Amino acid sequence: MANFTKQLLSGSTNGRGIKVGATATPGTLVHTADSTATDEVWIYAMNTDSSSRTLTLEWGGTTDPDDLIEITLGASPGLTLIVPGLPVDGGVVVRAFAETADVVTVHGYVNRIE
């Protein structure tokens with residue numbers, strides 16, 4: 001039987017939001033998957049700017065479109081679900097960049113499945 005444990009995103013400090021400072025690849029570190037277990041990743045984002053901004057997640061690589069998840073976030077202080085529990089494993093690295101530095105913050109967690 002599988003064992004599930006809730007974990008913080010590895011790029012987070014004590015569960016706090018991760019401010020996306022990068023505006024191009026390589027993006028700001030969001031999470032590095034466990035090397036032996038599977039991480040089910042949940043990511044939410046918010047844009048604190050007064051204009052809409054595009055957020056790009058680099059899902060284990062930088063190949064377009066294979067590894068990129070892009071979303072435009074409206075000018076709103078609320079959280080928007082970006083990644084609805086997609087699995088990663090084998091040490092895959094998830095990074096993020098936005099078209100403007102330091103106005104998008106990502107939050108989330110992983111369910112580690114062993």
Side-chain angles (χ1 to χ4, degrees):
M1 184 170 183
N3 183 32
F4 289 74
T5 56
K6 188 170 276 192
Q7 305 285 321
L8 301 175
L9 294 171
S10 64
S12 170
T13 301
N14 301 321
R16 297 181 68 200
I18 302 164
K19 188 177 285 187
V20 179
T23 58
T25 190
T28 301
L29 177 66
V30 174
H31 183 68
T32 302
D34 190 81
S35 61
T36 58
T38 298
D39 286 349
E40 178 188 75
V41 182
W42 292 80
I43 297 175
Y44 300 81
M46 67 178 187
N47 170 22
T48 59
D49 204 356
S50 59
S51 299
S52 294
R53 298 295 176 202
T54 299
L55 172 69
T56 302
L57 292 180
E58 298 172 311
W59 199 258
T62 58
T63 303
D64 188 7
D66 302 346
D67 299 321
L68 303 183
I69 299 171
E70 285 189 350
I71 188 165
T72 299
L73 298 166
S76 170
L79 292 171
T80 301
L81 179 62
I82 307 300
V83 178
L86 297 178
V88 291
D89 60 17
V92 164
V93 177
V94 177
R95 295 182 174 275
F97 63 89
E99 63 183 301
T100 301
D102 300 328
V103 297
V104 174
T105 304
V106 296
H107 299 265
Y109 61 93
V110 300
N111 289 316
R112 182 148 300 149
I113 307 165
E114 300 180 276

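Just so it is clear, the structure is predicted and the values come from calculations on it, not from any experiment.
A continuous path of hydrophobic side-chain contacts links I69 to I18 [ILVMFWY only; heavy atoms under 4.5 Å]. F97 and V104 are not part of a single hydrophobic cluster, where members link through side-chain heavy atoms under 4.5 Å apart.
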| field | Trace of the side chain to side chain contact (heavy atoms under 4.5 Å, CB included) decision for D39 with H31 | value | CA-CA 10 Å; D39 286 349; H31 183 68; 2.8 Å; yes
| request: In sequence, state the C-alpha distance, the side-chain angles, and the governing distance for L68 and E58, and then conclude on side chain to side chain contact (heavy atoms under 4.5 Å, CB included). | output: CA-CA 5 Å; L68 303 183; E58 298 172 311; 3.9 Å; yes
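Proximity of a side-chain donor or acceptor of T38 to a complementary backbone N or O of P87 within less than 3.5 Å is not detected. The backbone N or O of T54 lies less than 3.5 Å from a partner atom in the side chain of E99, making a donor-acceptor pair.
The shortest heavy-atom contact between L79 and M46 is CD2-CB, 4.0 Å. Of all heavy-atom pairs spanning A22 and A96, the tightest one is CB-O, 3.9 Å. Between F4 and I113 the shortest heavy-atom distance is CE2-CG1, 3.4 Å. Here the shortest heavy-atom pairing between T72 and S52 reads CG2-CB, 3.9 Å. Minimum heavy-atom separation, L8 to G15: CD1-N, 3.5 Å. Shortest non-hydrogen contact noted between V92 and G60 is CG1-CA, 3.5 Å.
For the atom pair I71 CD1 and N47 CG, the distance stands at 11.0 Å (nearest 0.5 Å). Interatomic distance, CG of D67 versus CH2 of W59, reported as 11.0 Å (0.5 Å rounding). Rounded to the nearest 0.5 Å, atoms NZ (K19) and CG (D102) are 5.0 Å apart. How far CD of E114 is from CE of M1: 14.0 Å, rounded to the nearest 0.5 Å. Atom CD1 of residue I43 and atom CG of residue L86 lie 8.5 Å apart, to the nearest 0.5 angstrom. In this structure, N3 CG and R112 CZ are separated by 11.5 Å, a value rounded to the nearest 0.5 Å.
Looking at T28 and V106, their side chains never come closer than 4.5 Å, going by heavy atoms from C-beta outward. Within the 4.5 Å cutoff, side-chain heavy atoms of L57 are placed close to those of V83. Side-chain contact between R95 and V30 is absent, with no heavy atoms from C-beta onward closer than 4.5 Å. For the pair T25/T56, no side-chain contact is recorded, criterion being any heavy-atom separation below 4.5 Å from C-beta on. A 4.5 Å side-chain heavy-atom check between Y44 and L81 finds at least one atom pair inside the cut-off.
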